[in-house]
2 protein chains.
Amino acid sequence: MNKRQVQKQQTRNLILQQAKNCFISKGFLNTTTSEIAAECGIAHGTLFLHFNNKEILIIEILDQQLEIISLKIIELIREAYDLKEMLNNYLDFIQREEDFFHTITRELPFYSDELRRKIIFRESLIRKKFVKAIDEGIARGNFITCDSVMAATFLFSTISYYLSLKNIFVSEGSVIAKFKDKIILTFLSFLTRREDA
Amino acid sequence: MNKRQVQKQQTRNLILQQAKNCFISKGFLNTTTSEIAAECGIAHGTLFLHFNNKEILIIEILDQQLEIISLKIIELIREAYDLKEMLNNYLDFIQREEDFFHTITRELPFYSDELRRKIIFRESLIRKKFVKAIDEGIARGNFITCDSVMAATFLFSTISYYLSLKNIFVSEGSVIAKFKDKIILTFLSFLTRREDA
DNA sequence: TATTTGAATGACTATATGGTCACTGAGTAC
DNA sequence: GTACTCAGTGACCATATAGTCATTCAAATA
């Protein structure tokens, strides 16, 4: 690569980096291309030299982030030895990247079909692990018999609910931190079969 | 009321009526004031003669609708003799007004604080009825002991989830109709204590 | 009938924002 | 060293949309 190509690559990376920061803190919908350019210290027009339009930029960043994040999550889940620990690891991770998840969850209903499909696909991979864990619990007789897919939907919906309306529940700090224990406890009490009492 | 006052009132009502239709079918955020005016067959400026700004118009309509709807729901719930029937009545009603609920649920995270507070408040009244029903079930020994508020959150989150992402689950028709039975069945199986099997 | 009132008009403004393009100047190729 | 290339520029454009205001004309009033 000659000087020019290196420079171009650097600018491209700079845009991706700054855009990611903007998107995470303000959301995809509320970040303007001018803002991103300003944040990078480049001209507004330069941005469109590297990315034909805003949507393409968003998709590239989202793809990148989703890939990284979903792999990490699946890794964390795999390390767990039961549903409780899986949930713990999962929620811990979401908490660490809460701004990102807050943005995605809140804006999801407004994304283009393509963007939505990408997000839902990644989530479905993670969700499958939970469904499998529930199925195993049922097979072992530890959990009540129920529709495991629907059970997972109850779980993921609840997490999404807290994430998307985060501002209602906490003025600052993490919603997930605040409700993690209760979510886990309640969900497990839903599933767990008790003979006693 | 003289002719002028009558005319003014009629125009005002016309705006409220048409704006409501627009808002329900397209959402509050995606409906423009010009559209509403066009739909009413009045000049754009006339709208601001009756409502100082868009937000005020939205709030008035939302207040109206929420009041009507939440009273009806509470009525329907009261008629039910157990949680299952409550849920059935509740979901039937949501299904009938699904466009409205779809819009509200999807856009909620983007509303102003005031708008959000109004919606959440109404929902909380309905939610309380369910919490109470769960508490009674627990007291009677029919339901497992659990955090009833959290249990209700799982329920309402799941309903919101299907409503807000409706387009993913059905290309046309009602999401609620599609998932109603499964939601009820799963939620009840979560709560119900079983000694058998 | 003459004067005042006020509902309604619609052209206009202000602002935001995604995207374009003619131009510049440093880097590259010969 | 000269001609060419292309990353970068920033003024500009198109569009959307909430909100304003001077003007109009029918209704109310005296």
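What you see is a predicted model; the values in this text were computed from it and never measured. Every chain is numbered from 1 and lettered A, B, ... according to where its sequence line falls, protein lines coming before strand lines.
Following rounding to the nearest Å, B/Q5 (CD) and C/dA7 (P) show an atom-to-atom distance of 8 Å. For B/I42 and C/dG6, the CD1 to P distance is 20 Å, given to the nearest whole Å. In this structure, CG of A/L47 is placed 14 Å from C1' of D/dA7, rounded to the nearest angstrom. The interatomic distance linking A/I58 (CD1) with C/dG19 (P) rounds to 10 Å, in whole Å. Taking atom CG on A/N52 and atom P on C/dT20, their separation rounds to 8 Å, with Å as the unit. Between A/N30 atom CG and C/dT17 atom P there is a gap of 8 Å when expressed in whole angstrom units. Between B/N53 atom CG and D/dT17 atom P there is a gap of 17 Å when expressed in whole angstrom units. Here the C1' atom of nucleotide C/dA7 and the CD atom of B/Q9 are 13 Å apart, to the nearest Å.
For A/N2 and C/dT28, the shortest distance from a side-chain N or O to OP1 or OP2 is below 4.0 Å. Distances shown here put a side-chain N or O of B/Q7 below 4.0 Å from the OP1 or OP2 atom of C/dA8. Residue A/T33 places at least one side-chain N or O under 4.0 Å from the OP1 or OP2 atom of C/dG18. Considering only side-chain N and O atoms, A/H44 lies nowhere under 4.0 angstrom from the phosphate OP1 or OP2 of D/dA11.
Residues A/L49 and B/E35 each lie close to DNA chain D; by heavy-atom proximity, the contact nearer the 5' end of the strand is made by A/L49.
Taking 3.5 Å as the limit, the base of C/dT28 and the side chain of A/R4 contain no donor-acceptor pair of atoms between them.
Out of D/dG19, D/dG8, C/dT9, the shortest distance to the side chain of B/T46 is found at C/dT9. For A/A43, whose side chain is taken as the heavy atoms from C-beta onward, the closest listed nucleotide among C/dA7, C/dG27, D/dG10 is D/dG10. Here C/dG18 is the nucleotide among D/dA18, D/dA28, C/dG18 with the atom lying nearest to any side-chain atom of A/K54.
For A/F28 and A/Y111, the ring centers sit closer than 6.0 Å to each other. Aromatic rings from B/F156 and B/F130 are positioned such that their centres are separated by under 6.0 Å.
Annotation: side chain of B/L191 is in contact with side chain of B/L83 (closest heavy-atom distance under 4.5 Å).
Annotation for B/K54: atom NZ counts as buried by contact number, over 12 foreign heavy atoms lying within 6.0 Å.
Comment: B/R78 engages B/E75 in a salt bridge, judged by a side-chain N to carboxylate O separation of less than 4.0 angstrom.
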